[in-house]
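Presented below is the structure to which this report refers.
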2 protein chains.
Amino acid sequence: MKYNKDTSEKILTAAITVFEEKGFSGTRMQEIADKANINKALLHYYYKSKDKLFEIILIRAIQLLMPKLAMVFNSEDNFFKKIENFVSVYIDILSEHPHIPAFVSHEINTNPKRLLKFIENSGVNITPFIQTIKQEIEKKTIIDIEPEQLIVNTISLCIFPFIAKPIITNIILKDNKKKYTEFIESRKKEVSRFIINAIKN
Amino acid sequence: MKYNKDTSEKILTAAITVFEEKGFSGTRMQEIADKANINKALLHYYYKSKDKLFEIILIRAIQLLMPKLAMVFNSEDNFFKKIENFVSVYIDILSEHPHIPAFVSHEINTNPKRLLKFIENSGVNITPFIQTIKQEIEKKTIIDIEPEQLIVNTISLCIFPFIAKPIITNIILKDNKKKYTEFIESRKKEVSRFIINAIKN
DNA sequence: GTTAAATTTAACCAAACGGTTAAATATGTT
DNA sequence: AACATATTTAACCGTTTGGTTAAATTTAAC
């Protein structure tokens with residue numbers, strides 16, 4: 001029993017596309033097979049079940065995200081530089097993999113326990129983030145803010161604009177010449193500026 | 001052909017709960033009927049189809065949100081007060097109707113055109129917001145920021161924490177004694193403070 | 001008690017779906 | 001050409017699902 005790596009990846013790519021649009025339950029395996037230009041039997045040869053396929057994509061998404069984010073925050077940079085890098089990395093990863101927010105938000109509603117398990121299995125540990133923020137508060141670099149609120153704010157500012165792409169494109173940028181991709185690209189600087197302005201002492 | 005208002009609302013409430021958890025395609029009509037303690041035939045007597053039911057819920061969600069938000073921004077308050085009220089109203093509505101983010105994010109992925117149509121039909125018009133922000137920039141009340149970025153930031157900070165509830169509860173607040181509801185309640189002041197600090201001149 | 005109307009029952013239907021199977025075919029390697 | 005392997009075909013399966021229907025039952029109002 002052998003596998004062709006190209007075929008394996010082609011199926012994954014197709015699955016990402018269809019799952020992103022239709023959600024898990026709304027996606028048929030035949031659709032994925034069509035998208036990947038294979039037959040359904042081969043799909044089942046390569047991936048045991050629909051559930052398994054979805055899970056593999058989800059785990060990959062999480063493992064794309066978490067280590068890089070931790071790495072940024074463990075660097076020797078000063079705090080504001082860390083925020084800039086965190087935001088930049090986060091937006092870059094999401095720009096390159098815009099399916100991640102859709103998968104995560106679907107999973108949050110339908111299968112929160114599974115999602116939390118995968119996130120925990122990814123090794124994410126926010127305690128160092130919290131400690132760092134507390135230190136900066138003590139040093140008076142930043143204002144007194146609950147660390148968890150700052151973390152939630154930062155993540156919200158990075159991720160939600162990807163979720164809201166159609167709304168941003170068609171409503172918020174309706175009379176603006178700027179395209180969505182430019183808008184997101186400029187957020188790398190804009191979001192970190194916003195956050196730093198909000199918290200600096 | 002008559003309807004009982006109580007039964008009608010009972011079905012809607014049940015549908016909101018099941019759709020929120022399972023998503024549109026993952027929800028069976030029999031599940032909604034079970035949740036509402038009725039039989040499936042009555043469900044179809046009251047609501048023509050699964051699609052129709054979902055649509056009614058979605059339209060209601062949007063019509064809950066949009067007029068109140070516009071009203072806040074049309075008030076005679078000063079700009080920072082408007083932001084405070086906007087954030088407060090937004091978070092209150094979402095706290096009272098926590099299903100809205102799940103419905104909206106599902107619809108963004110699976111049916112963006114329909115969602116945009118409903119949002120537009122709600123009468124939302126962000127041009128006054130944009131004009132107001134531009135005026136405040138000219139008056140030097142706030143820093144030079146692209147109005148659309150400020151709008152996206154504000155909405156992100158208000159809505160994403162509702163989407164991310166399980167992550168906030170189980171990961172971010174894991175070692176924090178504060179409960180999710182307290183955390184969200186304190187965001188009313190925290191988010192507006194954050195925004196105002198970020199943009200004030 | 002009578003009537004009207006809301007609700008339930010019980011059965012049905014066609015279509016769809018994830019998954020399976022064995023044989024046939026195509027592809028790649030030697 | 002022979003062989004191994006990846007892929008396809010074509011059919012199948014049991015289950016589930018949204019939606020339907022007519023008759024029976026229950027409930028509410030008078």
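Proteins get letters first, then strands, A, B, ... in listed order; numbering begins at 1 in each.
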May I ask you to decide whether A:K68 forms a salt bridge with A:D92, counting only side-chain N to carboxylate O separations under 4.0 Å?
no

Set of residues satisfying ring-ring contact (aromatic ring centres under 6.0 Å, His included) with respect to A:F73, sequence neighbours excluded:
A:F86, A:F129

Could you state the [atom1]-[atom2] distance from [X] to [N], rounded to the nearest angstrom?
X	N	atom1	atom2	answer
A:I11	C:dG19	CD1	C1'	15 Å
B:N4	D:dA29	CG	C1'	14 Å
A:L42	D:dA10	CG	P	16 Å
A:N37	D:dT8	CG	C1'	13 Å
A:K5	D:dT7	NZ	C1'	19 Å
A:Y46	C:dT20	OH	P	17 Å
A:K52	C:dG19	NZ	P	12 Å
B:I38	D:dT26	CD1	P	18 Å

List every contact pair, protein side and nucleotides 16-23 of chain D side both N or O, where the distance is under 3.5 Å.
from   : atom 1 : to    : atom 2 : distance (Å)
D:dT17 : OP1    : B:R28 : NE     : 2.9
D:dT17 : OP2    : B:R28 : NH1    : 3.2
D:dG18 : OP1    : B:T27 : O      : 3.0
D:dG18 : OP1    : B:M29 : N      : 3.1
D:dG18 : OP1    : B:K50 : NZ     : 3.3
D:dG18 : OP2    : B:M29 : N      : 3.0
D:dG18 : N7     : B:K40 : NZ     : 3.1
D:dG19 : OP2    : B:K50 : N      : 2.8
D:dG19 : N7     : B:K40 : NZ     : 3.0
D:dG19 : O6     : B:K40 : NZ     : 3.2

Residues pairing under salt bridge (charged side-chain N to carboxylate O under 4.0 Å, His left out) where one sits in residues 40-65 of chain B, two or more places apart or in two chains, turn out to be B:E9-B:R60, B:D51-B:R114, B:K52-B:E55, B:E55-B:R114

Kindly list each side-chain donor-acceptor pair under 3.5 angstrom involving residues 14-26 of chain A, sequence neighbours excluded, with atom names and distances?
from  : atom 1 : to    : atom 2 : distance (Å)
A:T17 : OG1    : A:T13 : O      : 3.1
A:K22 : NZ     : A:E31 : OE2    : 2.5

Hits for salt bridge (Lys or Arg N to Asp or Glu O under 4.0 Å) against A:E84, two or more places apart or cross-chain, chain-then-number order -> A:K81

If you look only at pairs with a residue in residues 164-175 of chain A, which of them pass as a side-chain hydrogen bond (donor to acceptor under 3.5 Å, both in side chains), with sequence neighbours excluded?
none

Return the nucleotide paired to C:dT27: Watson-Crick means purine N1 to pyrimidine N3 with N6-O4 or O6-N4, wobble means G-U with N1-O2 and O6-N3, both under 3.5 Å.
D:dA4

